[in-house]
Q: 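Mind having a look at this structure? Questions to follow.
Read the numbers this way: they start at 1 and go in the same order the structure lists the ligands and their atoms.
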Amino acid sequence: MVSILITAGPTREYLDDVRYLSNGSSGRMGCALAAAALASGHAATMVLGPVDVPPPDGAEVRAVVSALEMQAAAERAFATADVVLAAAAVADWRPAQRQQGKPARAAGSWQLELVPNPDIVAGLAARKGGRVVAGFALESTAAGLPAAIARGREKLVRKGLDLVVVNLHDAIGSDDSEVVLCFADGRDEALPRQDKSATAARIVAAAVDLWQQQRPKAADA
Ligand code: C5P
């Protein structure tokens, strides 16, 4: 049994007690990954932002709201994880300050100061040891498939990942997905456009395979 940590859903970065910045993300891929992990006899821990879809029965769920909360919960769960699948749509920035209550709407424009959020998966990958760490990259195919894969591969290198799942169409809220798995050893594996549960099953199997291949190396280190 492999212990699989999944980050999923969006994060919310509150400006005040009511307003927030976020990303469009249904959390469906993350829930499909957890369901696939459980169906294969693995343990699944989800660090889950605010979503409407229910996580699968049997997953251990840590509910979070902001990117900083997601980072703290993911770092805690990382200690006992073998494989990390970072499917969350983390907000890139958060307001520099959060105001109390709901300040009244004022006429005219106003400027909001944003500060960057930490890259959660890159932080985990930097101290992964024998773990396998996989990320997701939503890339437009407007410039062609090779360009989308190249952008995904750039993230794989920059974030220190073992695998990046390049999402080829805007799958937010959809039941379908069309992805290419880009492995750190240079292999690309294109999956057909199919139900997210079938895609999730292949992603989990690929990540677990990598973990099993890496185990002897990690034990020698
Ligand atoms: O750079 P980009 O946002 O496209 O990278 C997407 C991947 O990085 C996803 O796996 C996502 O979960 C992860 N990520 C993260 N923390 C961030 C931004 C992205 O873990 N602050």
Side-chain angles (χ1 to χ4, degrees), residues 4-14 20-34 36-37 44-51 53 55 62-78 81 83-96 114-128 131-143 147-172 177 179-184 196 199-200 202-204 206-207 210:
I4 303 184
L5 167 62
I6 298 157
T7 69
T11 65
R12 284 184 189 172
E13 313 300 326
Y14 276 90
Y20 58 83
L21 301 172
S22 191
N23 280 318
S25 168
S26 67
R28 284 188 204 194
M29 179 50 89
C31 290
L33 291 166
T45 300
M46 298 189 75
V47 177
L48 184 60
V51 293
V53 291
R62 314 273 155 80
V64 296
V65 176
S66 68
L68 293 181
E69 286 174 13
M70 181 172 280
Q71 181 186 40
E75 285 184 352
R76 272 195 301 275
F78 186 65
V83 169
V84 178
L85 304 174
V90 182
D92 292 313
W93 301 276
R94 65 181 183 278
L114 302 176
V115 295
N117 272 328
D119 192 312
I120 298 168
V121 73
L124 298 178
R127 48 197 177 79
K128 67 183 174 184
R131 300 174 187 84
V132 166
V133 181
F136 284 70
L138 185 66
E139 302 294 346
S140 153
T141 49
I149 291 174
R151 281 193 301 274
R153 286 203 161 274
E154 183 275 322
K155 285 177 191 174
L156 178 135
V157 172
R158 176 162 45 87
K159 297 178 189 236
L161 306 175
D162 300 287
L163 165 64
V164 69
V165 180
V166 176
N167 229 322
L168 291 177
H169 75 128
D170 195 340
I172 294 167
S177 59
V179 307
V180 179
L181 309 189
C182 299
F183 295 90
K196 278 183 181 170
T199 298
R202 177 61 200 133
I203 294 167
V204 167
L210 286 180

Q: Collect the protein residues that have a non-hydrogen atom under 4.0 Å from ligand 1 and hand them over in chain and number order.
A: A86, A88, V90, P118, D119, I120, V121, G135, F136, K155, K159
Q: Using every non-hydrogen atom in the two residues, find where I4 and A37 come nearest and quote the distance to one decimal.
A: CD1-CB, 3.8 Å
Q: Does one side chain, of T199 or S177, offer a donor that lies under 3.5 Å from an acceptor on the other?
A: yes
Q: Would you call E139 and R153 a salt bridge, using N to O less than 4.0 angstrom?
A: no
Q: Should the pair K128-D162 be classified as a salt bridge under the 4.0 Å nitrogen-to-oxygen rule?
A: yes
Q: Please say which of T11, V90, L68 ends up in a side chain to side chain contact (heavy atoms under 4.5 Å, CB included) with I120.
A: V90
Q: Taking all atoms of both residues into account, what is the closest heavy-atom pair of A89 and S25, and its distance?
A: CB-CB, 3.7 Å
